[in-house]
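Please read the structure below before turning to the comments.
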Number of protein chains: 2
Amino acid sequence: MTEPDPVLRLLWRHRVPAVADAGARRGPRPKVTLDDVVDAAIELADRDGLAALSMRGLAQHLHLGAMTLYTYVANRGDLVVLMVDQVLGRTTLPGHPADLRERLEQVARLQYEECRAHPWLLEVTGVRAWLGPHVADRYEWQLAAVEGIGLDDVEMDQAVTLLVSFGTGVARAEQAVRAAERESGMTDAEWWEANHEALAEVMAGHDYPLAGRVGTAAGEAYQAASDQRRELDFGLGRIVDGLLAHLASRQPGRG
Amino acid sequence: MTEPDPVLRLLWRHRVPAVADAGARRGPRPKVTLDDVVDAAIELADRDGLAALSMRGLAQHLHLGAMTLYTYVANRGDLVVLMVDQVLGRTTLPGHPADLRERLEQVARLQYEECRAHPWLLEVTGVRAWLGPHVADRYEWQLAAVEGIGLDDVEMDQAVTLLVSFGTGVARAEQAVRAAERESGMTDAEWWEANHEALAEVMAGHDYPLAGRVGTAAGEAYQAASDQRRELDFGLGRIVDGLLAHLASRQPGRG
DNA sequence: TAACTTCTTCGTACGTCGTACGGAATAAAT
DNA sequence: ATTTATTCCGTACGACGTACGAAGAAGTTA
């Protein structure tokens, strides 16, 4: 058996009294708080993405030497863990509507909006679930949306996962477009303008009847960036239909 | 207007005759082919993940100097683009079953299996869609599964996106667990063994009735790694139910 | 007051990464 | 034989995360 992960104490620092009131401590007064560090990291990640968040850059933003950050956080991975929990804590969780459809949709839409507001959440990988207080709060809130509607425990988890992963997926597709634009420095339209000629030449003799027709239609429909939500609406409609039908098949007369 | 992206010619190299038959060329005979380079990169990414794939490591694997790779590929990003298209080309696309439900499910399951076989696909970001021949083939194949079932063009794209992003999402959740295990060097069970005590201490006084109950149930159910597919089955069942219901509401009597 | 302890701050340095640059080697074209 | 196009690759630069240890600040103790 190994030692427990020290990041746990940091994650729960605001809810564990013994950690919160540090009392009189030796050494120089810290220039900033851990909250400041994590907030600044979130700010930079919001602006430039998680990959562009460097320890040096963060330190400079806080007017600190690079290595000073390591008094607050053991390593970059732990910083990301703290960022995730802290940013989840910012959104106040709305109450669950009485209408079941609205309740289920809200779970997915909240996830979608949060990933839109903080796209770097989509870049986070390798993080053990169930770590921080706000992550736990969030899971509890999500489960409350599907509590008492006729699902067993495993199905509750599956339903939440389905809704959450769909909201995340739509946000990810949207973010992929923006990431490609940022990386190449040109919008989709500009890329097409610059490449459609070469693409036509290179694809000469290869037909994609469906992809050509549908891709064009979808491309035009999604021209207005705000219309990305149509995909969210469509998929969410189908998913919730499916979930409600599943419940109805269990205990007819409800829902 | 800027120049067309040179990676297009590389992507379509096997389908454009003028590119394929290089003819007599000057200079030393290349030690390897571009296909060799990309195949080796796929092999390394399969083993260690995309983040661990370095140009130096790949070059060493091919018994080349590090900078030699740049005669085959302009930069690492282009290499990843080529990897994606090339790995998609490896899976032979099955025919579409007559049964509509099976047809829809197959789209999602193929995506899931492919992401399981090549988890680094989940790490790929910022890639412009619609680039390579195999990506185009794939999109065409996916659309064929939903062609002629009563959806308009935009809905066809939405339905495919829904199925594909669900398959990807389940694979991603699965991969997240494996990534956390690899990164921390301990399995979920080992992590729990080492941390449940500290976690209980730090969470003292905070109740998560639903999360505790459901998380435990889900954790036990998913103990056997193969049971991750239960989530795929559940979600896919609901999604396809919803899609079929949507079609039925359009033109009753079909399905 | 002086010594000790503990804590924060941070400069230096190492090994990694992608890749810009330029030169050497090679083979076809002239 | 010379020119030209191409492959190969050693060196080097600026980023990255972070190990290490010194310098200094503030509380504790003698």
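The chains referred to below are lettered A, B, ... by the order of the sequence lines, with proteins before strands, and numbering in each begins at 1.
Look at NZ on A/Lys31: it is 11 Å from P on D/dA25, rounded to the nearest Å. Note: CG (A/Asp48) to C1' (D/dA15) measures 15 Å, nearest angstrom. Nucleotide D/dC9 holds its C1' atom 12 Å from the OH atom of B/Tyr72, rounded to whole Å. The interatomic distance linking B/His63 (NE2) with D/dC8 (P) rounds to 14 Å, in whole Å. Here D/dA19 presents its P atom at 10 Å from CE of A/Met55, a figure rounded to the nearest Å.
Here B/Arg56 lies in heavy-atom contact (under 4.0 Å) with a base. If you check every strand for non-hydrogen atoms under 4.0 Å, B/Gly27 touches a base. Contacts of B/Leu69 with the nucleic acid, taken as non-hydrogen atoms under 4.0 Å apart, are absent. At a threshold of 4.0 angstrom between heavy atoms, the contacts of B/Leu53 are confined to the sugar-phosphate backbone, with no base atom among them.
In terms of position along DNA chain C, the nucleotide closest to A/Tyr70 lies nearer the 5' end than the nucleotide closest to the other residue of the pair A/Tyr70 and B/Ala66. Comparing A/Ala74 and A/Ser54, the nucleotide of DNA chain D nearest to each residue sits closer to the 5' end for A/Ser54. Positionally, the nearest nucleotide of DNA chain D for B/Arg26 lies more toward the 5' end than for the other of B/Met67 and B/Arg26. Nearest-nucleotide assignment on DNA chain C puts the 5′-proximal partner with B/Arg76, out of B/Arg76 and B/Arg29.
Extent of DNA chain C lying under 4.0 Å from chain B heavy atoms, first and last nucleotide in 5' to 3' order, is C/dC17 to C/dA29.
Contact check, B/Thr68 against D/dT7: no side-chain N or O comes under 4.0 Å of OP1 or OP2.
When all heavy atoms are compared, the tightest approach of A/Ala194 to A/Met186 is CB-CE, 3.9 Å. A/Ala59 and A/Gly65 make their closest contact through CB-O, 3.5 Å (heavy atoms, listed as atom of the first residue, atom of the second, distance).
The aromatic rings of B/Trp120 and B/His118 sit perpendicular, their planes meeting at an angle over 60°, well past the 30° parallel limit.
No side-chain donor-acceptor contact under 3.5 Å links B/His134 to the backbone of B/Leu88. No donor-acceptor pair under 3.5 Å is formed between the side chain of A/Asn195 and the backbone N or O of B/Pro4. With hydrogens and angles disregarded, a donor-acceptor distance shorter than 3.5 Å links the side chain of B/Glu140 to the backbone of A/Ala211.
Counting atom types as modelled, A/Arg25 pairs no side-chain N or O with a base atom of D/dG27 as donor and acceptor under 3.5 Å.
Other residues, nucleotides and ligands contribute over 12 non-hydrogen atoms within 6.0 Å of the CD atom of B/Glu43.
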